[in-house]
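So the structure is just underneath, and the comments pick up after that.
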Number of protein chains: 2
Amino acid sequence: MVVDVELSDAAVDRLFRALADATRRDIVRRTLAGGASVSELATAYDMSWAAVQKHVAVLEGAELVTKEARGRERIVRGIPQQIQRAQALLDSYEQIWRGRVQRLDALFAEEDN
Amino acid sequence: MVVDVELSDAAVDRLFRALADATRRDIVRRTLAGGASVSELATAYDMSWAAVQKHVAVLEGAELVTKEARGRERIVRGIPQQIQRAQALLDSYEQIWRGRVQRLDALFAEEDN
DNA sequence: ATAACATGCAACCAAATGGTTGTAGATGTT
DNA sequence: AACATCTACAACCATTTGGTTGCATGTTAT
C-alpha cells in the first residue's frame with residue numbers, strides 16, 4: 001500500500017499543527033471510528049459549539065477530515081490516507097536516522113511543493 | 001522493537017507542534033543524519049541566529065532533540081525514539097480506522113497522563 | 001590579556017491561535 | 001406557518017508563536 005502524494009511544506013505544517021491539539025486528536029479518533037455530526041461532536045467537549053466547529057474547520061484545512069451534508073447535518077469523517085501520509089513523513093525521518101538516505105537533497109525534494 | 005512510553009496530552013501537543021514548522025523539521029532531519037552545532041544550523045537558514053536557537057529550544061522541549069556541550073559549542077542531535085513515539089501514536093489512529101480497537105476508551109487512556 | 005566566537009536570554013512586535021458571544025441562514029417538525 | 005435544530009460566520013479578546021535586536025556570559029585562539 002503506497003501512500004505517496006507529495007505535500008507542500010505548508011500542507012505538512014497544517015497537518016502536524018492540526019494534530020497538535022488534544023481536542024482535535026480526539027475528533028480525529030472519533031470520526032475515524034465512524035462519522036459524526038458537528039453537533040454530536042460538540043456535546044462531547046467542554047467548550048462552546050463554535051469552538052468545536054472551529055476545530056473541525058482546522059481539521060478540514062489539514063485534510064484530516066471531510067464534511068458531508070446530510071439534511072441539515074454535516075457528517076464529519078476522518079481521512080485515513082492523511083494519517084498515512086503523516087506516517088510516511090515520519091518514516092522518512094527514521095530512514096535518515098538509519099542512514100538509508102544517501103542523498104539528503106532527495107528527501108528535501110520530496111517535501112518541496 | 002517496542003516504543004511504548006506514555007506521553008501526556010501536553011507532551012503530544014508539543015511533539016506535533018514542534019513538527020509543524022518546516023525549519024524545525026529540517027533541523028530534525030539534519031540532526032538525525034548527524035550532530036550539528038547550533039551555529040552550524042544557523043548558517044543554513046535565512047533568519048537570525050536567535051530565531052534558530054529558539055527553534056532548537058522548541059525541539060528540545062518536545063524531546064525531539066538533545067544538546068550536548070562540547071567546548072563552547074552545543075552539539076544538537078535528533079532523538080529517533082521520539083519520532084518512533086509519534087509513529088506509534090499515528091499507528092493507533094490507523095488501527096481505530098481499521099476497526100481493530102474495540103474499546104475506544106482503552107486508546108483514550110493510552111494518552112492520558 | 002585581548003579579541004573573536006558560540007551561546008543564552010530578555011524585551012519587544014506583528015500575526016496566528018483558541019476561545020467567547022451574537023447574528024443569521026437552512027432544514028426538519030408540528 | 002411557526003418553531004426548533006444544525007450549521008456558518010463575524011467580531012472580539014487573551015495568549016502564544018515566530019521573528020527581531022541587544023546584551024551578557026563562557027570558551028578558544030593570538
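Throughout, protein chains are lettered first and strands after them, A, B, ... in sequence-line order, and every chain is numbered starting at 1. Any value given below was found using the heavy atoms of this structure, including those in side chains, with hydrogens, waters and symmetry copies removed.
- The side chain to side chain donor-acceptor pair (under 3.5 Å) check on B:T23 picks up nothing, with sequence neighbours excluded.
- Closest heavy-atom contact between B:V12 and B:L89: CG1-CD1, 3.7 Å.
- Scored by the salt bridge (charged side-chain N to carboxylate O under 4.0 Å, His left out) test, A:R77 finds A:E68 as partners (sequence neighbours excluded).
- Applying the 4.0 Å criterion to OP1 and OP2 of C:dG19, one finds that A:S48 has every side-chain N and O outside that range.
- Heavy-atom nearest nucleotides on DNA chain C were determined for A:G71 and for A:D46, and the one closer to the 5' end corresponds to A:D46.
- A side-chain donor-acceptor contact under 3.5 Å links B:E94 and A:Q84.
- Contact detail for A:I75 and A:G35: the closest heavy-atom pair is CG2-CA, 4.0 Å.
- Looking at B:R85 and B:Q82, their side chains do bring a donor and an acceptor atom within 3.5 Å of each other.
- Between A:R70 atom CZ and C:dG28 atom P there is a gap of 11 Å when expressed in whole angstrom units.
- Between B:R17 and C:dT17 there is no side-chain N or O to OP1 or OP2 distance below 4.0 Å.
- Dashed line: the shortest gap from a side-chain N or O of B:R14 to OP1 or OP2 of D:dT17 is not under 4.0 Å.
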Report summary line: The contact string for nucleotides 5-10 of chain D, one letter per nucleotide 5' to 3', using protein heavy atoms under 4.0 Å with B, S and - for base, sugar-phosphate only and none, comes out as BSBBB-
Query - Secondary structure of DNA chain D in dot-bracket form (Watson-Crick or G-U wobble, distances below 3.5 Å, | marking inter-strand pairs) - result: ||||||||||||||||||||||||||||||
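- Looking at residues 55-62 of chain A, you'll see that no heavy atom sits under 4.0 Å from any atom of DNA chain D.
- Put simply, CG on B:L19 is 12 Å from P on D:dG18, counting in whole angstrom units.
- Note that the OG atom of A:S8 and the CZ atom of A:R14 stand 5.5 Å from one another [nearest 0.5 Å].
- Side chains of A:T31 and A:L41 form a contact here, defined as non-hydrogen atoms less than 4.5 Å apart.
- Remark: B:L19 CG to A:L19 CG distance equals 10.0 Å, nearest 0.5 Å.
- Summarising the geometry, the separation between CG on B:D21 and P on D:dT16 is reported as 18 Å, rounded to the nearest angstrom.
- Using a cut-off of 4.0 Å between Lys/Arg side-chain N and Asp/Glu carboxylate O, A:R25 and B:D13 are scored as salt-bridged.
- Under the salt bridge (Lys or Arg N to Asp or Glu O under 4.0 Å) criterion, the residue pairs touching residues 35-62 of chain A are A:E60-A:K67, with sequence neighbours excluded.
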